[in-house]
Amino acid sequence: MASTVQSRISKTAGKPIRCRAAVARKAGEPLVIEEVIVAPPKAHEVRLKIICTSLCHTDITLWKLKEFPGCFPRILGHEAFGVVESVGEDVDELKEGDSVVPIFLPDCMDCVDCKSKKSNLCSKFPIQSSLLLHRDDTSRFTNAEGETLHHYLYISSFSEYTVVDVVNVTKIDPEIPPNRACLLSCGVSTGVGAAWKTANVEPGSTVVIFGLGSVGLAVIIEMTNGGADYCFECVGLGTLVQEAFACCRKGWGKTIVLGVDKPDAQLNLNSFEVLQSNKTLMGSFFGGLKPKSDVPILVKRYLDKELELDKFVTHEVNLEDINKAFDLLIQGKSLRCVIWMDK
């Protein structure tokens, strides 16, 4: 795969590339396959040839939003595997032909947070609901008429080519299949990291993963003899966070929030209960993982047959059928659908 890309570098490096992309033009309406123009990378950026991408619930959430951070026209997508097509100035850690996964969470490896074991939230490049790239707040996407197309989570992987800042790109072992590597860009890494890094779940602990209603809440407390040691809320719903917290064991229970709710969503917890119960409620952004150091570890675990990724992929489609992937996920028929750019 890398050699194929490298053979094209001399023809495309430093030049705009015309390619196909699935463009979201209106909230909740089917994506449109269009020809787009992807500009060359600027300083500290790389241009990636996306091999495949997968669809995440967060893509669905932002696709439906009519108001900011929803914005149109836009190229969505953030779980992907790609190969570096060309690099901009001042890029030392990556070269043409490298196998990579773009990751929405920046990792500059230089700021106090990135150097600390206590945080994975880069302070030099704080994640924001940006429509553009980090350093100059401009887009690398236009269409044939010159219309600007907005970026999404700094990645925009629903395009055959995209430009990403190096702080959002992690180099990985090329031995991992593309349709498994893309899962580590967001969803699987977040889930594994939440248990591994954020909660540090011990063997023998009781663990509840939330997508249950009030009946399930009552049953879980009974089954765990007073509440679970760890509760993970993965849906992104304030009421579920509250149920998970209620289900957590008093004294040492931890409730970990992974799901992405609407930007203005609020939690309603009883202050006295929080004090009296000694429980912990915490967020786990990208599972507490540091992209550039921890994701390669997950890749190795997959290659060593320690991490099961295969069961997550329930469907695969080509780019022109991307709206089918949306339908499958919305209808609850798909766990992860891999979208191939050119297969």
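Scope of the values below: all heavy atoms of this structure, side chains included, with no hydrogens, waters or symmetry mates.
Between Leu31 and Val23 the shortest side-chain heavy-atom distance does not fall below 4.5 Å. Put simply, the side chain of Asp137 does not reach to within 4.5 Å of the side chain of Leu131, judged on heavy atoms. For the pair Ile50/Ser159, no side-chain contact is recorded, criterion being any heavy-atom separation below 4.5 Å from C-beta on. Using a 4.5 Å cut-off on side-chain heavy atoms (C-beta onward), Val38 and Val163 make contact. Counting heavy atoms from C-beta outward, Pro102 and Leu48 have side chains that approach closer than 4.5 Å. Side-chain atoms of Val274 and Asn270, non-hydrogen and from C-beta on, never get closer than 4.5 Å to each other. At least one side-chain heavy atom of Trp340 sits under 4.5 Å from a side-chain heavy atom of Asn179. The shortest distance between side-chain heavy atoms of Leu133 and Thr138 does not fall below 4.5 Å.
In this structure, Asp107 does not pair ionically with Lys290, as no charged nitrogen and carboxylate oxygen lie closer than 4.0 Å. The pair Glu85-Lys49 does not count as a salt bridge, with every side-chain nitrogen at least 4.0 angstrom from each carboxylate oxygen. Ion pairing between a basic and an acidic side chain is recognised when a charged N comes within 4.0 Å of a carboxylate O; Arg135 and Glu45 show no such pairing. Taking 4.0 Å as the cut-off between side-chain N and carboxylate O, Arg180 and Glu175 do not count as a salt-bridged pair. Looking at Arg140 and Asp136, a side-chain N of the basic residue comes within less than 4.0 Å of a carboxylate O on the acidic one, giving a salt bridge. The residues Asp98 and Lys95 are annotated as salt-bridged, a charged nitrogen and a carboxylate oxygen being separated by less than 4.0 angstrom. Salt bridge status for Asp229 with Lys254: absent, with no side-chain N to carboxylate O gap under 4.0 Å.
Taking the side chain to side chain donor-acceptor pair (under 3.5 Å) definition, one finds that Ser54 meets it with Glu79, sequence neighbours left out. Legend: residues meeting side chain to side chain contact (heavy atoms under 4.5 Å, CB included) with Ile33, ordered by chain and number and at least two apart, are Arg20, Ala22, Leu319, Ile322. By the side chain to side chain contact (heavy atoms under 4.5 Å, CB included) test, Gln266 is found to be paired with no residue, residues two or more places apart in sequence or in another chain being considered. For Phe141, the ring-ring contact (aromatic ring centres under 6.0 Å, His included) partners two or more places apart in sequence, or in a different chain, are His151. Under the side chain to side chain donor-acceptor pair (under 3.5 Å) criterion, Asp304 pairs with Lys300, not counting sequence neighbours. Under the salt bridge (charged side-chain N to carboxylate O under 4.0 Å, His left out) criterion, Lys311 pairs with Glu308, sequence neighbours left out. For the side chain to side chain donor-acceptor pair (under 3.5 Å) test, no residue two or more places apart in sequence or in another chain qualifies with Glu233.
Each ring-ring contact (aromatic ring centres under 6.0 Å, His included) pair with one or both residues in residues 23-76, not counting sequence neighbours, appears once here: Trp63-Phe326. Residues in residues 289-325 take part in no ring-ring contact (aromatic ring centres under 6.0 Å, His included) pair, two or more places apart or across chains. Each ring-ring contact (aromatic ring centres under 6.0 Å, His included) pair with one or both residues in residues 251-298, not counting sequence neighbours, appears once here: Phe104-Phe285, Phe104-Phe286. Sorted by first and then second residue, the ring-ring contact (aromatic ring centres under 6.0 Å, His included) pairs involving residues 108-137 (not counting sequence neighbours) are Phe125-His134, His134-Tyr154. Applying the side chain to side chain donor-acceptor pair (under 3.5 Å) definition to pairs two or more places apart or across chains, those involving residues 271-284 are Thr198-Ser284.
When the shell of 6.0 Å around CD of Glu202 is examined, it contains more than 12 heavy atoms from other residues, nucleotides or ligands. Crowding of Glu67 atom CD: a count of heavy atoms from other residues, nucleotides or ligands under 6.0 Å not exceeding 12.
Linking Ile, Leu, Val, Met, Phe, Trp and Tyr whenever their side-chain heavy atoms come within less than 4.5 Å leaves Val260 and Ile155 in two separate clusters. The same ILVMFWY cluster, assembled from side-chain heavy atoms under 4.5 Å apart, contains both Leu303 and Leu298. Val201 is not connected to Leu281 by any chain of hydrophobic side-chain contacts under 4.5 Å among Ile, Leu, Val, Met, Phe, Trp and Tyr, and they are in different clusters. By the rule that hydrophobic residues join a cluster once side-chain heavy atoms approach within less than 4.5 Å of another member, Leu335 and Leu328 end up as members of separate clusters. Put simply, Val338 and Ile60 are part of the same group of oily side chains (I, L, V, M, F, W, Y) that touch within less than 4.5 Å, one to the next.
Of all heavy-atom pairs between Val101 and Ala181, the closest is CG1-O, 3.5 Å. Counting all heavy atoms, side chain and backbone alike, Arg74 lies closest to Pro69 at NH1-O, 2.8 Å. For Leu76 against Ala24, the heavy-atom pair with the smallest separation is CD1-CB, 4.1 Å. Shortest non-hydrogen contact noted between Ile75 and Ala21 is CD1-CB, 4.0 Å. Considering every non-hydrogen atom in both Pro41 and Ser86, the closest pair reads CD-OG, 3.6 Å. When all heavy atoms of Ile127 and Pro106 are compared, the closest pair comes out as CB-CD, 4.3 Å.
A distance-only check finds no donor-acceptor pair linking the side chain of Asp165 to the backbone of Asn168 [under 3.5 Å]. Counting only distance, with no hydrogens or angles, the side chain of Ser156 and the backbone of Tyr152 share a donor-acceptor pair below 3.5 Å. Distance alone, capped at 3.5 Å, is enough to place a donor-acceptor pair between the Thr190 side chain and the Cys186 backbone. Without hydrogens or angle criteria, Asp294 side chain to Pro291 main chain gives no donor-acceptor distance under 3.5 Å.
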Note to self: As a quick check of understanding, evaluate salt bridge (charged side-chain N to carboxylate O under 4.0 Å, His left out) for Lys292 and Glu93, giving each step before the final call.
What the structure shows: CA-CA 11 Å; Lys292 293 182 186 291; Glu93 64 186 271; 2.9 Å; yes
Next item on the list: Output, in order, the C-alpha distance, side-chain angles, deciding distance and verdict of side chain to side chain contact (heavy atoms under 4.5 Å, CB included) for Lys124 and Asp110.
Entry: CA-CA 8 Å; Lys124 188 174 181 180; Asp110 185 55; 4.3 Å; yes
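Atom NE2 in His78 sits 11.0 Å away from atom SG in Cys182 (nearest 0.5 Å). Distance check, rounded to the nearest 0.5 Å: CG of Asp113 to NZ of Lys118 gives 11.0 Å. Atom CD1 in Ile51 sits 9.0 Å away from atom CE in Met341 (nearest 0.5 Å). Atoms CD and CD, from Glu160 and Glu35 in turn, are 10.0 Å apart once rounded to the nearest 0.5 Å. Note: Leu184 CG to Ile103 CD1 = 8.0 Å, rounded to the nearest 0.5 Å. For the atom pair CG of Leu183 and SG of Cys52, the computed distance is 8.5 Å after rounding to the nearest 0.5 Å.
Side-chain contact, Thr148 with Ser139: no donor N or O sits under 3.5 Å from an acceptor N or O. A donor and an acceptor atom, one from each side chain of Gln242 and Thr239, are nowhere located under 3.5 Å apart. No side-chain donor from either of Asn143 and Glu34 sits under 3.5 Å from a side-chain acceptor of the other.
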